[in-house]
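Accompanying notes for the structure given below.
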Amino acid sequence: MPIEVSASLTRRTFVQTAISGLAGCGCMAGRRAGAAEIAPEPSLRIRGVVMVPETLTWKDWPDRARRAGLNTISLHHPTSPRKLLEFVRTEAGQEFLARCKNQELHVEFDFHAMRDLVPRGLFAKDRSLFRTNDSGTRTPDQNFCVHSATAMRTAVENALAFARALRPTTERYYYWSDGCASWCRCSRCRELSDSDQALLVENAIVKALRSEKPVAQVAHLACHVTMPPPKTIKPEAGVFLQFAPARRRYDLPYSQQRSKDETDSLWYLERNLEVFPAATAQALEYWLDVSRFSRGKKLPLPWDRNRVRADLGTYRALGIQHIKSFANDLDAEYVRRHGEPTFLAEYGAALAELFDP
Ligand SMILES: [Zn+2]
């Protein structure tokens, strides 16, 4: 959807930028877009799956998740929260939310957001809002300049607008960097790591959100360039670690990947846990993610029950209490090709056995 950008760069204009874009897909006028139908529980321990809405072609996903003992389904989009907003306003989206409510399942929304929080159309008016790349050039390709007060204010206002439109029942909010990719290298930003720059944004968002919702929490996603812990910026109250080791090895137990030299190893989780509380930290894993392992070849998931149980034990030993796994492409076509999977139930059973005995 094209983003309408008004002529003046005022605070009011930025809010309208997000709202007008959201309103543009409001074909189901009067319907609630969000999912805040069951009360948030600050003590809730997340046991969940994360998927793009297209995965919901597997009939009765909420019922299946509940039967597996899970308590949360997170909807995901790889580039824009607007797509999720469009989905929850469709008949299928409304039915999904109703099913989750009936099954007392929590609903969250995990998405890469910075392109929408600072709309790219603003680049033509003021390049200083956007990041400087390694070549010293301002570019709207991803993320923004965290030392631009206007960009930061715009991001916060639009984050609030999305929070009002897409309402997680857990009061946990996920605004990820674009593509888990680099932030700004301008003269003022370059002293801060990508993790520090992301945390600056998350801190600003959580402070604003908590002025409206005192129990709101905002994720700091450790993934790709933000896998190392922040070094300079400290997390505000309400910012929690979400650790997504997308590039780790899955043919070995995670406990055997502890070296700093191994990509996305446990070393990075342990360093992040020196900055973020373990009690609120969340592992975002890929055990059930058909799309990650299949890579378009429609292969069966390489599920190893014992390996996943071992990995869960590794996370538990580090104090992690919140667990989600991507489950993209575990859809109707997958079940047609490979039959009814047993691994969803085994995943839920392992979580219950190891975390809630
Ligand atoms: Zn900058």
Among all residues two or more places apart in sequence or in another chain, which pass the ring-ring contact (aromatic ring centres under 6.0 Å, His included) test with [X]?
| X | answer |
| --- | --- |
| Tyr268 | none |
| Tyr315 | Tyr254 |
| Trp183 | Phe144 |
| Tyr173 | none |

Test: salt bridge (charged side-chain N to carboxylate O under 4.0 Å, His left out). Region: [range]. Which pairs qualify, not counting sequence neighbours?
| range | result |
| --- | --- |
| residues 286-306 | Lys298-Glu333 |
| residues 210-234 | Arg164-Glu212 |
| residues 189-206 | Arg185-Asp194 |
| residues 136-152 | Arg131-Asp141 |

Can you name the salt bridge (Lys or Arg N to Asp or Glu O under 4.0 Å) partners of [X], sequence neighbours left out?
| X | value |
| --- | --- |
| Asp178 | none |
| Asp329 | none |
| Arg127 | none |

Check your understanding: Would you call Trp61 and Arg66 a side-chain contact if the rule is heavy atoms closer than 4.5 Å?
Key -> no
Review point. Are Asp116 and Asn158 side-chain neighbours, meaning at least one heavy-atom pair lies under 4.5 Å?
Key: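 Contact flag for Asp116/Asn158 side chains = no.
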Exercise for review: Return the orientation label for the Tyr174 and Phe240 ring planes: parallel under 30°, perpendicular over 60°, tilted otherwise.
Suggested key: perpendicular
Between the side chains of [X] and [Y], does any donor sit under 3.5 Å from an acceptor?
| X | Y | answer |
| --- | --- | --- |
| Trp287 | Asp311 | yes |
| Gln197 | Asn143 | no |
| Lys324 | Thr72 | no |

Review point. So, for Phe111 and Tyr175, is the gap between ring centers shorter than 6.0 Å?
Key: yes
Point to revise | His220 ring center near Phe276 ring center (under 6.0 Å) | key: yes
If you take all heavy atoms of [X] and [Y], which pair is closest and at what distance?
| X | Y | answer |
| --- | --- | --- |
| Ser128 | Asp126 | OG-OD1, 2.6 Å |
| Ala332 | Thr57 | N-OG1, 3.1 Å |
| Arg249 | Leu252 | CZ-CD1, 3.5 Å |

Practice item. Answer yes or no: is there a donor N or O on one side and an acceptor on the other, between the side chain of Gln257 and the main chain of Arg248, under 3.5 Å? Key: no
Practice item. Check whether any side-chain N or O of Asn133 sits under 3.5 Å from a backbone N or O of Thr139 as a donor-acceptor pair, and report yes or no. Key: no
For residues 343-357, which side-chain donor-acceptor pairs fall under 3.5 Å, sequence neighbours excluded?
{"residue": "Glu346", "atom": "OE1", "partner": "Trp303", "partner atom": "NE1", "Å": "2.7"}
{"residue": "Tyr347", "atom": "OH", "partner": "Gly48", "partner atom": "O", "Å": "2.8"}
{"residue": "Tyr347", "atom": "OH", "partner": "Ser325", "partner atom": "N", "Å": "3.4"}
{"residue": "Glu353", "atom": "OE1", "partner": "Arg309", "partner atom": "NH1", "Å": "2.9"}
{"residue": "Glu353", "atom": "OE2", "partner": "Arg309", "partner atom": "NH2", "Å": "3.0"}
{"residue": "Asp356", "atom": "OD1", "partner": "Arg45", "partner atom": "NH2", "Å": "3.2"}
{"residue": "Asp356", "atom": "OD1", "partner": "Arg47", "partner atom": "NH2", "Å": "3.3"}
{"residue": "Asp356", "atom": "OD2", "partner": "Arg47", "partner atom": "NE", "Å": "3.0"}
{"residue": "Asp356", "atom": "OD2", "partner": "Arg47", "partner atom": "NH2", "Å": "3.4"}

